Amino acid sequence: MLYWLDLFGTIVFAISGCLIAGRRRMDLFGVMVVSLATAIGGGTFRDLILGATPVFWVRDPIYIQLSLLTSLLVFWSARRINVDLYGLKYADALGLAVFTIIGTQKALSYGSGPTIAIMMGIMTGVMGGMIRDLLCAQVPMVLRREIYAAASLMGAAVYLGLLALPIPVELSMLLSALVTLSIRVLAIRRNLSLPTFRFHN
Amino acid sequence: MLYWLDLFGTIVFAISGCLIAGRRRMDLFGVMVVSLATAIGGGTFRDLILGATPVFWVRDPIYIQLSLLTSLLVFWSARRINVDLYGLKYADALGLAVFTIIGTQKALSYGSGPTIAIMMGIMTGVMGGMIRDLLCAQVPMVLRREIYAAASLMGAAVYLGLLALPIPVELSMLLSALVTLSIRVLAIRRNLSLPTFRFHN
Amino acid sequence: MLYWLDLFGTIVFAISGCLIAGRRRMDLFGVMVVSLATAIGGGTFRDLILGATPVFWVRDPIYIQLSLLTSLLVFWSARRINVDLYGLKYADALGLAVFTIIGTQKALSYGSGPTIAIMMGIMTGVMGGMIRDLLCAQVPMVLRREIYAAASLMGAAVYLGLLALPIPVELSMLLSALVTLSIRVLAIRRNLSLPTFRFHN
């Protein structure tokens, strides 16, 4: 179940990479690289930092194959059909929720404490999008707008809390993914955002 | 032979790093950093991802020394002589061909399958240039223009194919490097490029 | 003693990350990410490249906690009090001196020779600031202005030289940190800089 959701998250993030790269009028290869970096970037840095090398997609190339296939499909279909960018936001929220739990769980299974586990959850969820924006030479959106990483943080923290209770791990995963998903969907609908930095005048 | 070509590729990529950094009016240290990142960036990420740590230039510092020496020489000589940017493109094509084969071969020797081996070949060949452009705060050229990574992809794929035949490994390396080189040189001469992303209107 | 200076360096670099991110009007999370990347980015890449994984802050999360706490404090206080940016430059020089020695020493303890040890010292000292600037989509300051990395280089080189003498390691550390600190402070006061790249006309 988690594995399938993981693959779903990979596809969703690959699509988002394609569409952002497309606005910069990149060529086919550029779109594929940005798409790939968005889909696997977060998990790659997580694995490098935990010392879990070779990283996950070297062990199981399905992530690469799926991501490249997705970007090829989007590349050609974007010329023909109208992509629903609004619907993508909700799919992306689901990807964020899944990646967060997977990242948190992987850090725990490598013996990390709560601070590091939460950080790895957030890193897995948001770093792909940050690399995507850097490759497009713009300040990462996640650093500026809306409640995105905060939703990831809440999901990871709730997951750690639920693990302490006598309930099945699968239920903890489901509930905490729902926390991230709900907060993120609420932020999209109500256009919520965090306070921004302001210098004293 | 491959070792000497590897050092040649390092020098060529270091020069290209220098010249791009120079357009941004960086100081001596800036030029050396960008030059170094261009020359060793691709191989560094390849080694990190494969878990081949410490990375290659920690084991053999000649790569660092060569790259720094090159950037010092270019830094001073650029004030005195006219650098032939056109000739550099062809030298760069040779560097791309060599780095691609080295990256593919290294991934194979760490037990990777074909998908990952090809990806590591491309990464070794093009990622140095991508980091160079990021440090100069511009969208990586390789993502936008000309047939560059596609030439690397073809060389890596042909190499995998030739390995299946009963011919010496050295010959396979030579032939597949020639594939990358020829495609890239053709792309430079004919100004070939891949299709770019276009949204449906 | 070195441990406390290391924590001090972490705080100083976290503050500098906050203030640069603040100019880009990032939100609370953005400021925290940039702050964290500035404080731990250099040491993280050093550890990845040396193969010292999991990286230092996974083993001792105090670096993360300290950095996040710092950015929260700066985030709120910047609205209320006037931050002395000039004083920060001197604190930053101290952070650079400490991180340089720590990076050089760590590379030596992993068996690196002088070239790599000096490079790891510089990387630990300056790479956090480079990542900070990349996240803010600008060409890293260290590549363009003032004598910054050169001060780090001198400190690391002097440290290697002093280790060959029959004096206590602690004294070598102190003296070489003073070298970096003095050069950097001199560069700030006299506004010294390195020559920039100039093409032949």
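Just so we're on the same page: letters track the sequence lines, and every chain starts at 1. Because the structure is predicted, anything quoted here is derived from the model rather than measured.
Counting only heavy atoms from C-beta outward, the side chains of B/I147 and A/F29 never approach each other to under 4.5 Å.
Contact annotation for A/L36: only side-chain heavy atoms (C-beta onward) come within less than 4.5 Å of a heavy atom of chain B. In this structure, chain A has a heavy atom under 4.5 Å from the side chain of B/I122, while its backbone stays farther away. In this structure, the portion of B/L134 lying under 4.5 Å from any heavy atom of chain A is its side chain and not its backbone. Both the backbone and the side chain of A/L135 come within contact range of chain B, with heavy atoms under 4.5 Å apart.
Between chain B and the residues A/T44, A/I64, A/L68, A/D47, the largest count of heavy-atom pairs under 4.5 Å involves A/I64. In terms of non-hydrogen atom pairs under 4.5 Å with chain A, the most contact-rich of B/M119, B/Q138, B/M120 is B/M119.
B/I49 contributes atom CD1, which lies 6.0 Å from atom CG of A/L48 (distance to the nearest 0.5 angstrom).
Of all the heavy atoms in A/P54 and B/L50, the pair that sits closest is CB-O, 3.8 Å.
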